[in-house]
Amino acid sequence: MALSLTSCATKKEVIYFSESIAQDQNKIDFIANKIQSNDLLSIIISSTSPELALPYNLYQNETSNNGYLVNTEGLITMPVLGKIKVKDLTLTALEDILEKKLKDENHLSNSVVTVRLLNAKFTILGEVNKPGTYNFSEENISILQAIGYGGDLTINGKRTNVLIIREVNNIKTYTTIDLTSKKWFSSDVYYIKPNDVIYVNPNGAKVKQAGYIGTLGTFMAAVSVGLSTILTIIVLSK
């Protein structure tokens, strides 16, 4: 009986990019992520004379994963160089700034600085096979890659209404995309950003099924209580 109250998803609702994309091209703009408070940065300073670069690096042993935690003021504290303002810089911009600082202040004239984000993560919830929070080491991953981390959408996932929640400088934005269309390829959410939350809404069939089960459960509970009450009255009346 439950099956008669649910509707089957159409092919268009299930298949990604169901609109024609043959011979089409979409330009995807790469937007470099900016450093935010609570980011954990790996900063490695190297030189043609390795011993000269040692004092400028955090001490690391085989079991440590040390990094520079960006505080609420957007600062990190480095050996020798002291406090550095890093918030709202891209990783590449920070590399350039540190190399220039090392040279201009006569620390190292031929340094090479490499900056990486150690705690990049996103969360995917809702109608996916493996919801959870995932770390990634790439500088950028796309929405489709993020969905891959989550084991793909379930058959009940609403592909036309996927929500991306993003927070930048304490401001939350909410964007919905339609995975059956190609329009979102050129949007600013094509690449996810660290700490993004992706929520896949349930489709109509799932919602109806959930509503039916809830109603049926409530009904059966009421029937059970009613029958118990009637039986109790009968027994006491004897």
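Just so you know, these numbers use all the heavy atoms, side chains as well, and skip hydrogens, waters and symmetry mates.
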How close do [X] and [Y] get, counting heavy atoms only, and between which atoms?
X      : Y      : value
Ser111 : Leu102 : OG-CD1, 3.4 Å
Pro194 : Leu117 : CG-CD2, 3.7 Å
Asp196 : Arg166 : OD2-NH2, 2.7 Å
Glu127 : Thr154 : OE1-OG1, 2.8 Å
Asn110 : Ser47  : OD1-OG, 3.1 Å

Counting only N and O atoms by type, is there a donor-acceptor contact under 3.5 Å from the side chain of [X] to the main-chain atoms of [Y]?
X      : Y      : value
Lys193 : Phe122 : no
Thr176 : Asn161 : no
Ser186 : Lys183 : yes
Asp39  : Val70  : no
Glu99  : Val113 : yes

Test item: [X] and [Y] side chains (from C-beta on) under 4.5 Å apart, heavy atoms:
X      : Y      : result
Val189 : Thr173 : no
Val162 : Trp184 : no
Tyr190 : Ile177 : no
Val112 : Ser46  : yes
Ser187 : Thr175 : no

Pairs under 3.5 angstrom only: tabulate donor-acceptor contacts from the side chains of residues 142-150 to other protein residues two or more places apart or in another chain.
residue: Ser142; atom: OG; partner: Leu144; partner atom: N; Å: 3.4
residue: Ser142; atom: OG; partner: Gln145; partner atom: N; Å: 3.2
residue: Gln145; atom: OE1; partner: Ser142; partner atom: N; Å: 2.8

Practice item. Under the side-chain contact (heavy atoms from CB on, under 4.5 Å) rule, what do Ile76 and Asn71 come out as? Steps first, then yes or no, please. Key: CA-CA 7 Å; Ile76 60 172; Asn71 68 18; over 6 Å; no
Practice item. Enumerate the residue pairs fulfilling side-chain hydrogen bond (donor to acceptor under 3.5 Å, both in side chains) with a member in residues 128-137, sequence neighbours excluded, ordered by first and then second residue. Key: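 Those involving residues 128-137 are Thr123-Thr133.
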When rounded to the nearest 0.5 angstrom, what is the spacing between [atom1] in [X] and [atom2] in [Y]?
X      : Y      : atom1 : atom2 : answer
Glu105 : Lys100 : CD    : NZ    : 9.0 Å
Leu118 : Leu40  : CG    : CG    : 4.5 Å
Arg159 : Leu153 : CZ    : CG    : 4.5 Å
Asn119 : Leu41  : CG    : CG    : 8.0 Å

**Study point:** Verdict with supporting geometry, Phe136 and Ile192, side-chain contact (heavy atoms from CB on, under 4.5 Å)
**Key:** CA-CA 11 Å; Phe136 61 96; Ile192 70 167; 4.3 Å; yes
Quiz: residues 86-95 side-chain donor-acceptor pairs under 3.5 angstrom, not counting sequence neighbours:
residue: Thr90; atom: OG1; partner: Ala93; partner atom: N; Å: 3.0
residue: Glu95; atom: OE2; partner: Val115; partner atom: N; Å: 2.9

Exercise for review: Might you confirm whether atom NZ of Lys103 has over 12 heavy atoms from other residues, nucleotides or ligands at distances under 6.0 Å?
Suggested key: no
Practice item. Show your reasoning for whether side-chain contact (heavy atoms from CB on, under 4.5 Å) applies to Gln36 and Asn195. Key: CA-CA 10 Å; Gln36 299 293 314; Asn195 303 313; 6.0 Å; no
Review point. Shared ILVMFWY cluster between Ile97 and Leu81, side chains joined below 4.5 angstrom?
Key: yes
Review point. When clusters are formed by joining ILVMFWY residues with side-chain heavy atoms under 4.5 Å apart, either directly or through shared neighbours, do Ile141 and Phe185 land in the same one?
Key: yes
Please set out all donor-acceptor pairs under 3.5 angstrom arising from side-chain atoms of residues 51-58, sequence neighbours excluded.
residue: Tyr56; atom: OH; partner: His107; partner atom: ND1; Å: 3.1
residue: Asn57; atom: OD1; partner: Ile45; partner atom: N; Å: 2.7
residue: Asn57; atom: ND2; partner: Ile45; partner atom: O; Å: 2.8
residue: Asn57; atom: ND2; partner: Ala53; partner atom: O; Å: 2.9

Practice item. Hydrophobic side-chain clustering at under 4.5 Å (ILVMFWY, transitive links): who's grouped with Ile165? Put none if nobody. Key: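 Ile165 shares its hydrophobic cluster with Leu125, Leu163, Tyr174, Val197, Tyr199.
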Practice item. State which residues pass salt bridge (Lys or Arg N to Asp or Glu O under 4.0 Å) with Glu167; sequence neighbours excluded, sorted by chain then number. Key: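 Only Lys172 meet the salt bridge (Lys or Arg N to Asp or Glu O under 4.0 Å) criterion with Glu167.
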Check your understanding: Under 3.5 Å, is there a donor-acceptor pair between the Thr160 and Asp178 side chains?
Key ->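 Side chains of Thr160 and Asp178: no pair found under 3.5 Å.
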